[in-house]
Amino acid sequence: MTPTPPTSGAPAGMQDALGAFLGAASLAEGARALARLLSETSGLPVALALPGEEGSAGVDSYGSDSGLPSECAFDRLARLAEWALQGYEDMGLLRDGLGEDAGDAAVAAVPLLEQGVAVAAVALPRQQRAALPGGPESLAWLGHIVATRRDRGRAAADATATERQHQRRFRTMDAQLRLLDRERQKFQALVKRSDAAVMVLGSDLKIRWVNREMGRIHLGDARPESELHGSVCCDVCRQGNGSCTECPVRAALGGAPIAHGEFKRVINGVPRQLYVTAQPIRGPEGGVEEVLVTMQDLTGLDILRRSEARMRQLFDGSVDSILMVEPSTLRIVLANATACRTLSAGEDLGALGLDALFSVPELGRVRAYLDALLAGRPAGGADFEVRAPRGPILCNVVATPFDLDGTEVLMVQMRDVTAVRRLERELVHADRLASLGTMSAGIAHEFKNRLAPLRGLAQLVASGAGDPDRVERYVPRLLEELDRLARLVRDVLDAARPQEARRERCDLRSLVLGHVEEFRHECADALHAQGVRVLDSVEGERPEVVAVDAEQLRVVFQNLLKNALEACPEGGEIRVEVKAEGGRVTATVADTGCGMDARVRERILEPFFTTKGARGTGLGMCIVKSLVEANDGVLEIHSEPGRGTEISVTLGEVGTSGNRSPGLQTSGDEERREEAA
Amino acid sequence: MKGAILVVDDEPGIRFVYEEYLGDLGFEVHAVGDGVSALREAEACRPVLALVDMNLPDMGGLEVIRRLRETHSGMAVVVISANPPERHLAELASLRVDGALEKPVELEQLGEVARRFAA
């Protein structure tokens, strides 16, 4: 229905009013203008209800107050405006006889929808309608115009809304398309350059799209990717070796949601282990149109897997329990199979923690050990008692800092030494008993040897019945033998007594040179008779001061020098050298005498072992060794039969030498040759 | 005439006592202190009895006896040791040793041995 032009045909006198109404800036303004005009031209009171901002209608009145609807009618008028406001549009046109109370009033309530909602309502007493310009019909026109305007506004608004809606939809679609295109470009760029091998096959197994990695590296085809398009995948892939039996592409074409396969290929002469995944791409109708194929080269991974298995075997197969421990909490983060077997009765070692393996006092020692290690003082290994499920065991524990995937942990290696330590204790005990046995046998033997001539001499004297010749002949000899026996007793005591050094700082050079001088003096006759020269050489001018027991060292050097003299019955040389190195001083006594073979060299320090027959007790070197050790020295013996013997004593501050523990080292010609090499 | 007696002992005191005592008894005594000298002396004096100490500086008493047995088959050998002789029983038996004495030896006992083998 085409609306009649708004003002044409309107009753005369209404033209202006309608014009003002239609031309107003807003409907509310228009309605007010109209109401004012109605009142002025008719001289009648006009009430105008307009909805307020909050939706409740306010009522304006124009002209005199008389003749306006009663309070109640006003209420209804306002309610009517609210109804219109709430969307009851069909109530918009002229309504007569609005209830009994408003029976004499004509009410126009028109919802005017523009930029939200506006409602204009005009109430006129019925008997005064005739006074309206244009008569009562003018009200009908008013409604008509209002409705037209409303319809036109609504249609225009509808059209605009539709247009806007379409535009919005287009814009959305366009944005989505752009987004898709961007994603497509990103995806393509990614896949093209990716080191993942990707290709798309048609259902005819022809290559539709392939990236560089797949073409060159995995399929071993040097052609550009574009040239591979259209080739059948098997022709490119097999390259004369392998079969398609393990290939999952056909399974994907058959509709499998995703298919996998692993096969070997020799590509450019290199054997490869390939892992292939095929995924169907379905068309709009749901059929499989393409297959997306990806490949991974597991060759490196395969090597790693094998290497990992080997390392794991080493780790788990170790006879030691190995634990990776978080240092601050002592939480066990990794344990090998041996640890699980030895230290737990099936429970998770990780849940236990290292502290659960030790008793409280033992844990204190363990912590002290680990703290020392963490503070940078490498402590070597230590024995701790561990609470194992099958009872306490003694473990030798060695901890070292370890980088576990970038986290600093402690690698704690625990070796069960329960049996070893017990055996060691038994051995030490047995060794002591054996030493005691050897010692006693040696002492008994020596005493018997000394007693034999004493008894014989006494008998010889006795059998002479006071013969003065006999007494004179045998008694001095008897006294001499008694002295030897006394010397033996003293030597035995010296060898057996724990040596305690009363150490004072003295210059080792002058000490040794003094002993050499003393020896030259004491043994001048023997040296002369045997034709032995004593040479001394001292390195440097500086005194070499060390803390030693000078009296004990006198015994040491007198013994060594006398041994050297006795080793040179046919003449020769005895050289005495003193030299200093790194805070330690070494004094060496070397002779060019008969030397020792391996058998003698091995036994030289045994008590009562002697090569001098009755001239020696076999205790000299034994005493030398214990005195050198008492002074924290190191005794070294080198000897070769026929070439001589070299014995050195190294003394000095043990604290600074560190790596050399007091003790003995012997070597013969074999070792010397090695040293020379 | 009494035969020669070879004394092999590294103790000079013992050698002295044996020489004196056996010499008093009228025996010709040759006393040496080590194995090598013993073998050399045996060649020179052809003893009928050797009194050998088991503990010698250069070679063991057993070795000395073995070598003496090779060259002097008729000679009697008596071992004199500071260790109880039971220790070396098997070896002594295999070397057909004629007797064993433990130090210190009673001189009378020594005289009996000398008379038995060398008179």
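Chain A is the first sequence line, chain B the second, and so forth, proteins listed ahead of strands; every chain is numbered from 1.
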(request) Give the intermediate values and the outcome of side-chain contact (heavy atoms from CB on, under 4.5 Å) for residues A:Arg455 and B:Lys103. (result) CA-CA 10 Å; A:Arg455 187 178 169 80; B:Lys103 289 181 186 176; over 6 Å; no
(request) Evaluate the side-chain contact (heavy atoms from CB on, under 4.5 Å) criterion for residues A:Tyr474 and B:Val17: first the C-alpha distance (whole Å), next the side-chain angles of each, then the deciding distance (0.1 Å), finally the verdict. (result) CA-CA 9 Å; A:Tyr474 297 134; B:Val17 169; over 6 Å; no
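Counted within 6.0 Å of CZ on A:Arg533, heavy atoms from surrounding residues, nucleotides or ligands total 12 or fewer; the atom is thus considered open. A:Glu570 CD: 12 or fewer foreign heavy atoms inside a 6.0 Å radius. Heavy atoms from other residues, nucleotides or ligands lying under 6.0 Å from CD of A:Glu472 number 12 at most.
Partner of B:Phe16 under the side-chain contact (heavy atoms from CB on, under 4.5 Å) criterion, out of A:Glu480, A:Glu481, A:Arg473: A:Arg473 alone.
Residue B:Tyr18 does not touch chain A at all, counting heavy-atom pairs closer than 4.5 Å. For a residue to count as touching a neighbouring chain, one of its non-hydrogen atoms must lie under 4.5 Å from one of that chain's; by this rule B:Asp34 does not touch chain A. Proximity to chain B is absent for every atom of A:Phe447, based on heavy atoms less than 4.5 angstrom apart.
The two atoms that bring B:Pro104 and A:Ala452 nearest to each other are CB-CA, 3.5 Å, heavy atoms only.
Listed options B:Ile14, B:Asp53, B:Leu107 were ranked by heavy-atom pairs under 4.5 angstrom with chain A; first place goes to B:Leu107.
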Using residues 587-597 of chain A as the side-chain source, report each donor-acceptor pair under 3.5 Å to any protein atom, sequence neighbours left out, with the distance given to one decimal.
| unit_1 | atom_1 | unit_2 | atom_2 | d |
| --- | --- | --- | --- | --- |
| A:Asp591 | OD1 | A:Gly593 | N | 2.8 |
| A:Asp591 | OD1 | A:Thr645 | N | 3.2 |
| A:Thr592 | OG1 | A:Glu573 | N | 2.9 |
| A:Asp597 | OD1 | A:Arg599 | N | 3.3 |
| A:Asp597 | OD1 | A:Val600 | N | 3.0 |

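Residues meeting the salt bridge (charged side-chain N to carboxylate O under 4.0 Å, His left out) test with B:Glu63, sequence neighbours left out: B:Arg66, B:Arg67.
Ion pairing of B:Glu11 with A:Arg484 is present here, as a side-chain N (NZ or NE/NH1/NH2) and a carboxylate O approach within less than 4.0 Å.
In this structure, CD in B:Glu20 is found 7.5 Å from CZ in A:Arg470, a value given to the nearest 0.5 Å.
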